[in-house]
Student: 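Sharing a structure with you now.
These numbers come from a predicted model, not from an experiment.
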Amino acid sequence: MSTRDVILDAAAEVMAERGLANVTTRQIARAAGLTEAALYKHFAGKADLMVAVMRERSPDFSPLAGALRGGGGLADALTAVAGAAIELYRAGFPMFASVFADPATLAAHTEELRQEGAGPHRANEALAAYLRAEQRAGRVRAGADVRAAAGLLLGACFQYAFLGHMSEAGFRDDEEAVAAFVGTLLESLTPTPPPCPPPSA
């Protein structure tokens with residue numbers, strides 16, 4: 001592992017433990033087993049280092065997209081997405097909370113994401129696109145708002161992960177939460193079967 005990677009790993013760990021506002025380059029250097037001088041050979045300063053941490057050590061949203069390519073039916077895909085989302089949000093909260101505490105780092109990171117066409121909204125867009133395709137195939141109700149449906153599922157997962165850090169999340173475990181979220185969403189997405197014809201006389 002390169003010295004730069006060692007510094008980024010140490011910075012991400014210290015940032016999650018202490019919060020961005022309380023982190024110093026001395027603490028990061030100590031956690032990396034290096035001197036501050038060695039740290040400054042790779043990064044211009046704390047702000048430069050923190051932006052690099054957000055860019056290279058933030059939780060990866062690709063498992064959400066991968067869940068949509070896993071095959072199976074609509075319920076299976078939504079279940080996989082919800083499970084991946086809960087894991088992602090739960091793992092990312094310490095870092096997300098830290099960067100929101102520092103407006104300059106947040107602004108720099110947001111601008112990087114904008115320039116790269118990336119960001120957490122991509123998960124919503126990918127899920128909405130999947131649901132739109134299912135809609136065209138007749139497996140999602142024609143009048144359903146797929147963008148809202150994607151936001152409702154991912155939003156529920158985000159809140160559940162957040163509450164898990166703060167208090168009881170209201171469900172026995174992740175599996176129960178996922179089943180409840182997906183089941184409730186499917187009730188509004190699944191096409192209503194045509195009525196049965198009356199029996200002939």
Student: Taking all non-hydrogen atoms of both residues into account, name the closest pair between L39 and A29 and its distance.
Tutor: CD1-N, 4.1 Å

Student: Please output the side-chain donor-acceptor pairs of residues 179-189 that fall under 3.5 Å, not counting sequence neighbours, one pair per line with the distance.
Tutor:
{"from": "T184", "atom 1": "OG1", "to": "A180", "atom 2": "O", "distance (Å)": "2.9"}
{"from": "S188", "atom 1": "OG", "to": "L185", "atom 2": "O", "distance (Å)": "2.9"}

Student: Among residues at least two apart in sequence or on other chains, which ones pass side-chain contact (heavy atoms from CB on, under 4.5 Å) with A129?
Tutor: R132

Student: According to a hydrophobic-cluster definition based on side-chain heavy atoms being under 4.5 Å apart (Ile, Leu, Val, Met, Phe, Trp, Tyr only), do V6 and V14 belong together?
Tutor: no

Student: Which residues satisfy the side-chain hydrogen bond (donor to acceptor under 3.5 Å, both in side chains) test with R141, sequence neighbours excluded?
Tutor: none

Student: Take F43 and L8, measure what side chain to side chain contact (heavy atoms under 4.5 Å, CB included) needs, and give me the verdict at the end.
Tutor: CA-CA 10 Å; F43 301 97; L8 287 173; 3.8 Å; yes

Student: Run the numbers on L131 and L78 for side chain to side chain contact (heavy atoms under 4.5 Å, CB included), then give the verdict.
Tutor: CA-CA 10 Å; L131 291 174; L78 295 181; 4.1 Å; yes

Student: When rounded to the nearest 0.5 angstrom, what distance separates CD1 in I86 from CD in Q159?
Tutor: 11.0 Å

Student: Taking only residues two or more places apart in sequence, or in another chain, which ones meet R139 in a salt bridge (Lys or Arg N to Asp or Glu O under 4.0 Å)?
Tutor: E134

Student: According to salt bridge (charged side-chain N to carboxylate O under 4.0 Å, His left out), does anything in residues 24-34 pair up with another residue at least two apart or in another chain? List the pairs.
Tutor: R26-E36

Student: Does a side chain donor of either D76 or T79 reach within less than 3.5 Å of an acceptor in the other side chain?
Tutor: no

Student: Is there a donor-acceptor pair under 3.5 Å between the side chain of Q27 and the backbone N or O of T24?
Tutor: yes

Student: List the residues meeting side-chain hydrogen bond (donor to acceptor under 3.5 Å, both in side chains) with D174, not counting sequence neighbours, and say none if there are none.
Tutor: R90, Y160

Student: Tell me every residue that passes salt bridge (Lys or Arg N to Asp or Glu O under 4.0 Å) with D48, counting only those two or more places apart in sequence or in another chain.
Tutor: none

Student: At their closest point, which heavy atom of A77 faces which heavy atom of Y130, and how far apart are they?
Tutor: CB-OH, 3.3 Å

Student: Only counting residues at least two apart or in another chain, list the ones meeting salt bridge (Lys or Arg N to Asp or Glu O under 4.0 Å) with D145.
Tutor: none

Student: For residues A10 and I28, report the shortest heavy-atom separation together with the two atoms involved.
Tutor: CB-O, 3.9 Å

Student: Can you list the residues that meet the side-chain hydrogen bond (donor to acceptor under 3.5 Å, both in side chains) rule with Q135, with sequence neighbours excluded?
Tutor: none

Student: Using every non-hydrogen atom in the two residues, find where A82 and V178 come nearest and quote the distance to one decimal.
Tutor: CB-CG1, 3.9 Å

Student: In Å, rounded to the nearest 0.5 Å, how long is the span from OH of Y40 to CG of L34?
Tutor: 13.0 Å

Student: Apply side-chain hydrogen bond (donor to acceptor under 3.5 Å, both in side chains) to R172 and list each qualifying residue two or more places apart in sequence or on a separate chain.
Tutor: E176

Student: Of all residues at least two apart in sequence or in a different chain, which pass the salt bridge (Lys or Arg N to Asp or Glu O under 4.0 Å) check with E125?
Tutor: R122

Student: Which residue pairs pass the ring pair (Phe, Tyr, Trp, His ring centres under 6.0 Å) test with at least one member in residues 134-158, sequence neighbours excluded?
Tutor: Y89-F158, F93-F158

